[in-house]
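Both counts, for ligands and for their atoms, begin at 1 and track the order of listing. Remember, it's a predicted structure, so these values are computed and weren't measured experimentally. The analysis underlying the following values was restricted to heavy atoms, covering all of them including side chains, and did not include hydrogens, waters or symmetry mates.
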Amino acid sequence: MSSATISTPVSLAAPGRQHWKTVLADSFRDPYELLKYCGIDVSRVQLVSEHEFAFRVTRYFASLIEKGNAQDPLLLQVLPGTQELQRVEGYLQDAVGDIQFMRVPGLVHKYAGRVLLTLTGACAIHCRYCFRRHFPYGEARVGFDQGGQVMKYLAEHDDVNEVILSGGDPLMVSDGKLADLVASLNRIPHIKTLRIHSRLLSVLPERVTRDLVEVLQGFDGQVVMVTHINHPNEISERNQAAFQLLSKTGYRLFNQSVLLKRVNDSASTLVELSNRLFESHITPYYLHRLDKVQGAAHFDLPGRECARIYAQLRSRLPGYLLPAMVQDIPGQPAKTPAIGD
Ligand SMILES: *Cc1c(COP(=O)(O)O)cnc(C)c1O
Ligand code: SF4
């Protein structure tokens, strides 16, 4: 497709637009500053201070939080509350059992036909429910120097036809490094699909540039992008412009959400989310049950509650806007349909 047919989205045309790394560097790193910005009385909120999983929120995500609302569904996803310190039985450090499937550093081959590459441990926003909060990224990311090991593994496994970039957030990596990776993947003919799972697409819309698109256009196969949006308030004209650019370029866009207590645990919120995604050229893909990770138990919902919400969703949405509710159960050959306990 020629670039002339791509209408220039608003956020991408803004004059004097800053480089995404500059915008990222201006993120909130202190929860009290975020609360102040949101006009929330800090004495009403109990936070953990010294923490293994640092606080981080982009300005853009923060701008979508409703001012003065301590229960805002976006705020609850990022605020490090004291509940994180609770140790609840059954909530583990490696909740999804991925480490045993790491074949070479940075490459997880757990399901047939596709592998997951962890490019970086870094994210633009730290989601408090994240199962990767305890992941040992030091040893576990694709070091670009020893990337040869990853490419060797891929070249030797011709049953693998999809490479999924994950992290952390793979779009935290520079365009130059992504271009190197694309060039390496192009040398392996059985890799037909490049899938990018990224929360930056929605929380740092500045990341979606023509340069990025140009890098990805260099891939010989299909490009698929999976956004991570949990609540309809996370979508605005700003990131819709980014989604529009990607979809007009010809990339298939899907979304995954996590079902989270107090954030999106109602059918009407999830119906609205599916409709907003559809308007944004994104197809709902997965609705994940929470991974039972230590420090995130306060986001979990009982199985019967999930089943009740999902039954309502099914009765209110057309099939093509109904995400599959799944759970990552260690030892299973795929994400497992999760309805009931
Ligand atoms: C979720 C996941 C995938 C992708 O699964 P899909 O069902 O294809 O989306 C691949 N590898 C690992 C390790 C995963 O956790
Ligand atoms: S990996 Fe995804 S869910 Fe986890 S903290 Fe990073 S952006 Fe959030």
In ligand 1, which numbered atoms sit nearer than 4.0 Å to a non-hydrogen atom of [X]?
X	value
Leu116	10 (C), 11 (N), 12 (C), 13 (C), 14 (C)
Tyr286	6 (P), 7 (O), 9 (O)
Asp328	15 (O)
Val108	13 (C)
Tyr285	6 (P), 7 (O), 8 (O), 9 (O)

- [ ] Tell me which part of Phe101 gets within contact of ligand 1: side chain, backbone, both or neither, using heavy atoms under 4.0 Å.
- [x]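 The answer is neither; Phe101 stays 4.0 Å or more away.
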
Open item on the list: Residue-level breakdown please: for His288 versus ligand 1, do any non-hydrogen atoms fall below 4.0 Å on the side chain, on the backbone, on both, or on neither?
Closed with: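 Within the 4.0 Å criterion, His288 makes no contact with ligand 1.
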
By number and element, which atoms of ligand 2 are closer than 4.0 Å to a non-hydrogen atom of [X]?
X	value
His228	3 (S)
Arg199	7 (S)
Ile125	5 (S), 6 (Fe), 7 (S), 8 (Fe)
Cys123	1 (S), 5 (S), 6 (Fe), 7 (S)

Open item on the list: For Glu206, run the side-chain hydrogen bond (donor to acceptor under 3.5 Å, both in side chains) check against Arg59, His19, Arg238 and tell me which one passes.
Closed with: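 It is Arg238; the other options fail the test.
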
Task: N/O/S from Cys127 sitting under 2.8 Å away from atom 6 (Fe) of ligand 2 - done: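 No, outside the cut-off.
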
- [ ] Tell me whether His126 has at least one N, O or S atom under 2.8 Å from atom 4 (Fe) of ligand 2.
- [x]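 So His126 does not bind atom 4 (Fe) of ligand 2 by this criterion.
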
Open item on the list: Measuring only between side-chain heavy atoms, which start at C-beta, is Gln244 closer than 4.5 Å to His281?
Closed with: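 Yes, their side chains come closer than 4.5 Å.
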
Open item on the list: Please determine whether any non-hydrogen atom of Gly168 lies less than 4.0 Å from an atom of ligand 2.
Closed with: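 Gly168 counts as a contact of ligand 2 under the 4.0 Å cut-off.
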
TODO: Assess Gln256 for proximity to ligand 1: is some non-hydrogen atom of it under 4.0 Å away?
DONE: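 Judged by the 4.0 Å heavy-atom criterion, Gln256 does not count as contacting ligand 1.
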
- [ ] For Thr249 and Leu245, indicate whether the former's side chain and the latter's backbone hold a donor-acceptor pair under 3.5 Å.
- [x]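 Checking the backbone N and O of Leu245 against the side chain of Thr249, a donor-acceptor pair under 3.5 Å is found.
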
With ring centroids as reference points, do [X] and [Y] lie under 6.0 angstrom apart?
X	Y	result
Phe28	Tyr37	yes
Tyr320	Phe278	yes
Phe53	His126	yes

Task: Verdict with reasoning, Tyr310 to Leu322, per side-chain contact (heavy atoms from CB on, under 4.5 Å) - done: CA-CA 9 Å; Tyr310 196 67; Leu322 182 73; 3.7 Å; yes

What about [X]: any of its N or O atoms under 3.5 Å from an N or O on ligand 1?
X	value
Arg114	yes
Tyr111	no
Lys335	yes

Task: Shortest non-hydrogen separation from Leu290 to Ala296 and the atoms involved - done: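 So the two residues come closest at CD2-O, 3.4 Å.
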
Open item on the list: Surrounding CD of Glu279 (heavy atoms of other residues, nucleotides or ligands, distance under 6.0 Å), is the total greater than 12?
Closed with: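 Result for CD/Glu279: enclosed.
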
Open item on the list: Can you tell me if Gln46 has over 12 outside heavy atoms packed within less than 6.0 Å of its CD?
Closed with: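 No, the 6.0 Å shell around CD holds no more than 12 heavy atoms from other groups.
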
TODO: Before giving the answer on side-chain contact (heavy atoms from CB on, under 4.5 Å), spell out for Leu204 and Leu24 the whole-Å C-alpha distance, their side-chain angles and the decisive distance to 0.1 Å.
DONE: CA-CA 8 Å; Leu204 188 76; Leu24 181 66; 4.2 Å; yes

